[in-house]
Amino acid sequence: MPELPEVETVARGLDQRIRGDVIESVWLTDKPQLYRKQKPAEIAATLEGAKVAGVRRVAKHVVFDLDKPKSEHAQWIVHLGMTGNLLVVDPQRELKKHTHVIAKLKSGRELRFVDPRRFGKLSLHTGFEGPGTEPLTIGVEDFVELFRGRKLAIKAALLNQSLLHGVGNIYADEALFRAGIRPTRRAGTLKREELKKLRAGLIRVLNEAIAAGGTSINDYRDAEGAEGLFEIKLRAYGRTGEPCLRCKTPIKRIVVGGRSTHYCPRCQR
DNA sequence: ACTATGTCCTGCGAGC
DNA sequence: TGCTCGCAGGACATAG
C-alpha cells in the first residue's frame, strides 16, 4: 500500500523520467470513482498540450506541476489509493487490466495509470498543499501539539491525514513499535517524552523506507513498474504471532480505528 | 469540534 | 480442482 515512502519513490522516479516531456493526448477512464472534483473531460483538456515541469510528492499525492500557457500553475494530482500504479512505458507494452489513464508523451512513451481497486483519485489543483503537516520536517513542538487533548487512539491519530501527511497502516505500526508505545493509548495521554520518541521513530522508519525505495509488500511498483527493489525489515506490521525482534514475545494483532494493528504486548506500553 | 463507523473496490488465500 | 467467502485499507460520508 502506497504510503509516504512509496509515493515519494514513485514521484522521484517519474520526475527523473518525464520532467520536461509534453503530454500530447490523453485517454481517461469514465469510471466515476476516480473523480471527485473535476470531470474527466476537464482534466483531459488541462493535461493535453501541457509540459511536465516536475513531479513531486505532497502527502500521499503525486503532484504533476504543469507548464501551460492557458492554465498557469495548473497541477495534476494523482492519489494512488491502495493499488494505484503510475507507469512510463513503450506504447507497445501490453495494456494491463484496470488501466484508467493513458497519456501519450512527446518523447514517444506513454504514462499510464493502473488501479485495480479504484481507490485512487485524479484531480486538478493550483498550489496544492494537502490537509496536514509533513512528518519529515515537523518540529518537536508542533508534533506534540498535534495530539494535545485528543481522545482517540494514537494509532488512529497517526493515520489522520489532517494531522500528519503520509502515514498509513504499516508505518504507523512500525513507528509505534520503535517508540515502545501501545497503539491503543489515547493520543492526548502521551507524555512529551513519549511523543518525542514517536516522532523520532516515525522519521527514522520513513527515511529508512525512502532509502530502500519503498516497502514493496503487495501492489506497489516503482515508476518503471519493476517489482520490489529492496524491502525494509518490518518489526511489527504483518508479524502476528511471530516473536518480537527485541524480546521474543509473540506479536499481537488487534483492530484499532477499523485497521489491523500489530504490536508487542511487552515492549509497547 | 471530535470521534466512530460504514462504504467503496478487486484480488488473493483459506477452507471445504 | 474449483468454488465461496472473508479480508486487505485510504479517505470520505454519515451519524452520534
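Convention: sequence-line order gives letters A, B, ...; per-chain numbering from 1.
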Asks: Begin from the C-alpha positions of A/Arg204 and A/Glu208 and carry the test salt bridge (charged side-chain N to carboxylate O under 4.0 Å, His left out) through to its verdict.
Replies: CA-CA 6 Å; A/Arg204 209 179 317 129; A/Glu208 274 176 31; 5.7 Å; no
Asks: Using distance alone, with no hydrogens and no angle criterion, decide if A/Asp115 and A/His100 have a side-chain donor and acceptor under 3.5 Å apart.
Replies: no
Asks: Below 4.0 Å from chain A heavy atoms, what is the first contacting nucleotide of DNA chain C and what is the last?
Replies: C/dA8 to C/dC12
Asks: Please determine whether salt bridge (charged side-chain N to carboxylate O under 4.0 Å, His left out) holds for the pair A/Lys191 and A/Glu193, giving the CA-CA distance in whole Å, both sets of side-chain angles, and the decisive distance to 0.1 Å.
Replies: CA-CA 5 Å; A/Lys191 304 268 183 297; A/Glu193 278 312 302; over 6 Å; no
Asks: Hey, does A/Leu176 have a side-chain heavy atom less than 4.5 Å from the side chain of A/Tyr263?
Replies: no
Asks: Does some side-chain heavy atom of A/Leu206 sit less than 4.5 Å from a side-chain heavy atom of A/Glu3?
Replies: no
Asks: What residues in residues 181-188 of chain A put a non-hydrogen atom under 4.0 Å from any atom of DNA chain C?
Replies: none
Asks: Have a look at A/Leu158 and tell me which of A/Asp173, A/Leu163, A/Val167, A/Leu146 forms a side-chain contact (heavy atoms from CB on, under 4.5 Å) with it.
Replies: A/Val167
Asks: Using side-chain heavy atoms (C-beta onward) and a distance below 4.5 Å, is A/Arg93 in contact with A/Arg112?
Replies: yes
Asks: Answer with yes or no whether the side chains of A/Gln75 and A/His125 bring together a donor and an acceptor at under 3.5 Å.
Replies: no
Asks: Is there a residue in residues 254-262 of chain A whose heavy atoms reach under 4.0 Å of DNA chain C, and which residues are they?
Replies: A/Arg259, A/Ser260
Asks: Hey, what else clusters with A/Leu152 if you join Ile, Leu, Val, Met, Phe, Trp, Tyr whenever side-chain heavy atoms sit under 4.5 Å?
Replies: none
Asks: List in numerical order all residues of residues 132-158 of chain A for which some heavy atom is under 4.0 Å away from an atom belonging to DNA chain B.
Replies: A/Arg150, A/Lys151, A/Leu152
Asks: Once Watson-Crick and G-U wobble pairs under 3.5 Å are found, how is DNA chain B written in dot-bracket notation, 5' to 3', with | for any base paired to another strand?
Replies: .|||||||||||||||
Asks: Do A/Thr184 and A/Arg182 get their side chains close enough for a donor-acceptor pair, meaning under 3.5 Å?
Replies: no
Asks: Give a yes-or-no answer on whether the side chains of A/Glu42 and A/Tyr35 include a donor-acceptor pair shorter than 3.5 Å.
Replies: no
Asks: Less than 4.5 Å apart, side chain to side chain, heavy atoms only: is that true for A/Trp76 and A/Leu124?
Replies: yes
Asks: Taking only the side-chain nitrogens and oxygens of A/His98, find out if one of them lies under 4.0 Å from OP1 or OP2 of B/dC9.
Replies: no
Asks: Please lay out, stage by stage, how A/Arg235 and A/Glu242 fare under the test salt bridge (charged side-chain N to carboxylate O under 4.0 Å, His left out).
Replies: CA-CA 10 Å; A/Arg235 304 180 193 174; A/Glu242 294 173 37; over 6 Å; no
Asks: Looking only at atom types and distance, does a side-chain atom of A/Arg199 sit under 3.5 Å from a main-chain N or O of A/Gly201, one as donor and one as acceptor?
Replies: no
Asks: Run A/Leu14 and A/Val52 through side-chain contact (heavy atoms from CB on, under 4.5 Å) and show every step you take.
Replies: CA-CA 10 Å; A/Leu14 286 169; A/Val52 178; over 6 Å; no
